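A short write-up of the structure that comes next.
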4 protein chains.
Amino acid sequence: MVDEDQEVEPLLNPTGREPKQGRSRASFERMLAAATDLLIERGNDDFALTDVAKRGKVSIGSIYCRFDSKDDLIQAVQRRVMERMADEEAEMIGRLTDKSTSLDVLVRNFVEELAEFLKRNAPVLRPMMLRASSDPVVRAMGRKGYDSLVEKVMSTLLSRRDEIGHELPELACEMTLRIAYSAFARYLGFGTVGDTGTKADWKNLKTEVGVMCSTYLRNGNR
Amino acid sequence: MVDEDQEVEPLLNPTGREPKQGRSRASFERMLAAATDLLIERGNDDFALTDVAKRGKVSIGSIYCRFDSKDDLIQAVQRRVMERMADEEAEMIGRLTDKSTSLDVLVRNFVEELAEFLKRNAPVLRPMMLRASSDPVVRAMGRKGYDSLVEKVMSTLLSRRDEIGHELPELACEMTLRIAYSAFARYLGFGTVGDTGTKADWKNLKTEVGVMCSTYLRNGNR
Amino acid sequence: MVDEDQEVEPLLNPTGREPKQGRSRASFERMLAAATDLLIERGNDDFALTDVAKRGKVSIGSIYCRFDSKDDLIQAVQRRVMERMADEEAEMIGRLTDKSTSLDVLVRNFVEELAEFLKRNAPVLRPMMLRASSDPVVRAMGRKGYDSLVEKVMSTLLSRRDEIGHELPELACEMTLRIAYSAFARYLGFGTVGDTGTKADWKNLKTEVGVMCSTYLRNGNR
Amino acid sequence: MVDEDQEVEPLLNPTGREPKQGRSRASFERMLAAATDLLIERGNDDFALTDVAKRGKVSIGSIYCRFDSKDDLIQAVQRRVMERMADEEAEMIGRLTDKSTSLDVLVRNFVEELAEFLKRNAPVLRPMMLRASSDPVVRAMGRKGYDSLVEKVMSTLLSRRDEIGHELPELACEMTLRIAYSAFARYLGFGTVGDTGTKADWKNLKTEVGVMCSTYLRNGNR
DNA sequence: TATGAATGAGTATTCATTCAT
DNA sequence: GATGAATGAATACTCATTCAT
C-alpha cells in the first residue's frame, strides 16, 4: 500500500507535444476530446487507439505525432482533467472561506461541495482510477492531485482551529477529508463495486457524512 | 450509479459444473485455486486462461468443460471467496456480540474487526473490484455480498438501539458501516488510486474511524 | 569483429515446439517450409508472418503456438538448414578422404566440393547471412556451423600434414578454408554486392582458388 | 548471380539535386553527413528519415526537396563514399608503384594496403553491402566501384607481367584481387556472419593472404 | 524553398474460444 | 470426459511519403 512509485515522478510533466495554434491545435484538441469521451463511454478496457482516431477524425499517425504511446495519451487526458479540477478546487475553497461563519457551517459546506465536485467529475475519474491500477504514472499523478487537495482543505479547516475539539487537529482534518472523500468516491463507483446503498441515496449520504465530520471535528473522541 | 444491473440476477447461481468427487473434483479445485492465485499475483489485466491451465496442471479444454467462459471462471472464484468471507463475517458478528458491553465498545470493536477483515481479504478483493468494473455479474454478486454484510451489521448495532443518539438509527447504522467500509477499502487500494495518506497510517485510520463512528452514533447531529 | 555474442549460446537449442506426429506435425512442416521458401523468394526484409501463414495454410495463432516469435521461427529454419548442411559436410569429408591420393588432389577436390556445396545452399544461406546482421542468435549459430566445418576440414587436410610445406600447418589449413570460403561466399552473393567479376566465371573461380590453395599449402611462403 | 541489374544503369547518375552554394549547400551537406553517421551507427534496418532530419537539423520536407526517396538519399551517400574511396584507391596505387621493387614486394604491399583500406572504410561499407541486398541501384554502383578498382589494380600488377608465373596473367591478377578482397571483406563483417576465425587474427590474415597471393602469382599452378 | 503535421498501409503479437482426436 | 492444437479478430506502433502553409 505504500510508496513504490516515487521514481515515476520525473515522467510526470511532458504534456504531449502540444501545438500552440491553428489546424494542428484543433486536431490536437479533437484527439484529447475523443480520447476523453471514449474513456468515459467505454471505460478503460475497450479503449482502442483506432477508435480515438475514428472519433477524432484524425489518423493514428497523427496521434503518435503528439503522443509517445497509448499510455502517454491517457496521461495527457488525466493531466488536463486534473488541471481543470485544480481550478474547481480553488474556487471551492474560495466559496468555503467566504460563507463560513463557524466550524460547523464550514464543514457542512465543505462536505456538500466536495460531494458535488466529485459527482461532477465522476465520469472521467472513474476510468482514471481504473487506469491507475495498471499505470504507475497515472497512479502517481492521481496521488499528487489528492495530496494537493489535502493541503488546500487542511489549511481551510485549520483556519478554525480553535473550534476543533479533537486533540490532534491536523490529524482530524486530514481524516475528515479522507473519510468524506472515500465515502463519496465509493458511492460514485470509483472503487467500482457496491456502488449502491439500499436506502441511503445521495442526499442522505451527503447529509450524514456532513453530520459525522462535523461532530467528529467539534467533539473529538468525546 | 443506481441499479441497472437487475436483469443480471438469474445468472448468479450456476456455480460452474461442480463435480462432487474424485479426480474431477480434484482438478476442479486446482482450477479454482490456480485462478485465484493468478488473479492475486497478476491482477485482472494479465490474467490469461492458458496460465490458469498451466498453473493448475489442467488443460484449457477441461476448464471449458467446467466453465462457460473466462468470465464464468472468475465469477466462480468470486463466489467461493464470498462464501468464505460470509463465514468470517458470521464469526466476526459473534465475537462482537459477546464482547460488547456498550455501544461505544461495540462500535470500536466493530470498526477494528472490519478493518482487519478487509485487510485480510484485500489481495482477492482488489482484483475482484477491478473486475466488477467490466463484468456486471461480478458487480451484482459483490453488491449482494455487501448487502448481506449490511444486514448482519445493522442488526448487531441496532441491538443497542437505545444507546444510539441519532434520530434515525437505521440510517445511522447503515452509514456507519458504509463510511468505515469506504475508508478502509480506499486505504487498501480497492479504489486504486490515492491509496495513500500523508501521515495517517493504518493504525491512525482505524482509531479515528472508530472515534468518528462512535461519536456519530452516540451523539447524532449534536 | 570479435566475440560479443557469447552469452547467446544457451538460447541456441530450443527447436520450436516440434510435434512428433500427425496433423500437428504436418502443419509444423508446412510452416517451416513456407518460411524457408518465403525467405528465399523475398529475402529478409519483406518476410512477413502473415505471408507465412497464408502460404503454409496455417493461422498466425498456430505459428505462435510453435514459435515464440518471428525471430524464433527464422532461427528454427536456420537450425534445420544447418542440420542438413552438417550432414552434407560429413558426406563431403567422406568422399574427400576416399578419393585423395595426394595433398594436391585432396585440396583441389576439397575446393571443388566446397564450392558446389555452397552454391547448392546459397539460396537459403543468403537470407540467413543477412538475418545474422541483426539477429545475434542467428549470428551465433552461423558461427558455430562455420567453426564445426573448420574442425572437420582441418583434420582432413592435416591427415596429409607431412606434405604441407607451410611452416605452420594448422594456420595454413585454417587459412585455406577461410580464403576458399570467402571467395565462394562472395561470388554467391553472401556478401551481397559486387557479387560478380568481369570475366571470371564460376568455373574459373573454382579452378584458380584450387590452384592458389594447393600452391599455398605445398609451398608455404617460398 | 549473373547480371539482372543492367537496366538499372541509367538511374545511376542523378546525384540528388545538389545545390552549388550558400545555405542550401550547407543543409544539403548536413543531410548527407547525418545520413552517413546514422547508417554507420544504427545500420540499415533502424535507419529512419525522421532521424536524419533531426540529426541534420533539417526538415523532412527539405530532404524530399533534394532527394526523391529514402533510397535516393542512401544512394547519394554511397556515391559520395565511393568518390572518396576512388581517391584513396588512386593514392594507394601511386604508393604501390613507387615502392615496388619486385612482384613479390608489390603483391605484399598491395595486400597490406587493400586490407587497411577496407578496414578503414568498413563502417560505411558494411551497411552499404547490406543495403545492396535490397536495392539494385546500390548493388550496381557497388559493382561499378569494384570494377574500377579491378581495373586499376590489374594494370598495376600487370606492369610486372614478366615476373608472373601464371600462364594467364590477366586472370591471375583479377583472381588475386578477388580473393584478397573477399577474405578481408568477410573478416570485416561485410558478409556478416562467420566473421570469426579461431586463431587467425587480422595480422595473421593479412600475412597469409599476402603469402598466398604472392606465391600464386609467381608460381602459377606449379 | 522550406517546414513538419498528417496520413495510413503494414506488422508482430495476444488470447478467448472451438473442436477433432 | 479430457486434451491442447488451431483459429483469427483485435490492437499498438512504425515510418516513408505527401502537401497545405
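None of these values were measured; they are calculated from a predicted model. The sequence lines fix the lettering, A, B, ..., with proteins before strands; numbering per chain opens at 1.
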Please check this pair: side chain of [X] against backbone of [Y], looking for a donor-acceptor N/O pair closer than 3.5 Å.
{"X": "Ser62(B)", "Y": "Val58(B)", "result": "no"}
{"X": "Arg30(C)", "Y": "Lys57(C)", "result": "yes"}
{"X": "Gln75(D)", "Y": "Val138(D)", "result": "no"}

Spacing of CG belonging to Leu49(B) relative to OG belonging to Ser69(B), to within rounding of 0.5 Å:
9.0 Å
Pick the nucleotide of DNA chain E nearest each of Gly61(D) and Asp68(B); which residue has the one closer to the 5' end?
Gly61(D)
So which one's nearest nucleotide on DNA chain E is more toward 5', Leu49(B) or Cys65(D)?
Cys65(D)
Which nucleotide sits closest to the side chain of [X]: [options]?
{"X": "Tyr64(A)", "options": "dA16(F), dA6(E), dT14(F)", "answer": "dT14(F)"}
{"X": "Ser59(B)", "options": "dA12(F), dA2(F), dA5(F)", "answer": "dA2(F)"}
{"X": "Ala48(C)", "options": "dT17(F), dA12(E), dA6(E)", "answer": "dA12(E)"}

Round to a whole Å and report the spacing from [atom1] of [X] to [atom2] of [N].
{"X": "Phe47(D)", "N": "dT14(F)", "atom1": "CZ", "atom2": "P", "result": "18 Å"}
{"X": "Asn44(C)", "N": "dT11(E)", "atom1": "CG", "atom2": "P", "result": "14 Å"}
{"X": "Lys54(C)", "N": "dA12(E)", "atom1": "NZ", "atom2": "P", "result": "11 Å"}
{"X": "Asp71(C)", "N": "dT11(E)", "atom1": "CG", "atom2": "P", "result": "16 Å"}
{"X": "Asp72(C)", "N": "dT14(E)", "atom1": "CG", "atom2": "P", "result": "12 Å"}
{"X": "Leu73(C)", "N": "dT13(E)", "atom1": "CG", "atom2": "P", "result": "10 Å"}
{"X": "Asp51(D)", "N": "dT14(F)", "atom1": "CG", "atom2": "C1'", "result": "11 Å"}
{"X": "Ile63(C)", "N": "dT11(E)", "atom1": "CD1", "atom2": "C1'", "result": "12 Å"}

Hey, does [X] reach any base, or is it just sugar-phosphate, or nothing, if we go heavy atoms under 4.0 Å?
{"X": "Ile60(B)", "answer": "base"}
{"X": "Ser62(A)", "answer": "base"}
{"X": "Ser69(C)", "answer": "sugar-phosphate"}

Think [X] has a side-chain N or O under 4.0 angstrom from the OP1 or OP2 of [N]?
{"X": "Ser27(C)", "N": "dA6(F)", "value": "yes"}
{"X": "Arg66(D)", "N": "dT1(E)", "value": "no"}
{"X": "Ser24(B)", "N": "dA2(F)", "value": "yes"}

Nearest heavy atom decides the nucleotide; on that basis, is Met31(C) or Asp45(D) closer to the 5' end of DNA chain F?
Met31(C)
Whichever of Asp46(A) and Lys57(C) has its nearest DNA chain F nucleotide further upstream toward 5'
Lys57(C)
Partner of dT11(F) by Watson-Crick or G-U wobble geometry, both contacts under 3.5 Å, or none?
dA12(E)
Mind checking who dA20(F) pairs with, Watson-Crick or G-U wobble, both distances under 3.5 Å?
dT3(E)
Looking at Glu83(A) and Arg79(A), does any basic side-chain N land under 4.0 Å from a carboxylate oxygen?
no
Is it the case that the side chains of Arg66(A) and Ser27(A) hold a donor-acceptor pair, with the cut-off being a distance below 3.5 Å and no angle test?
no
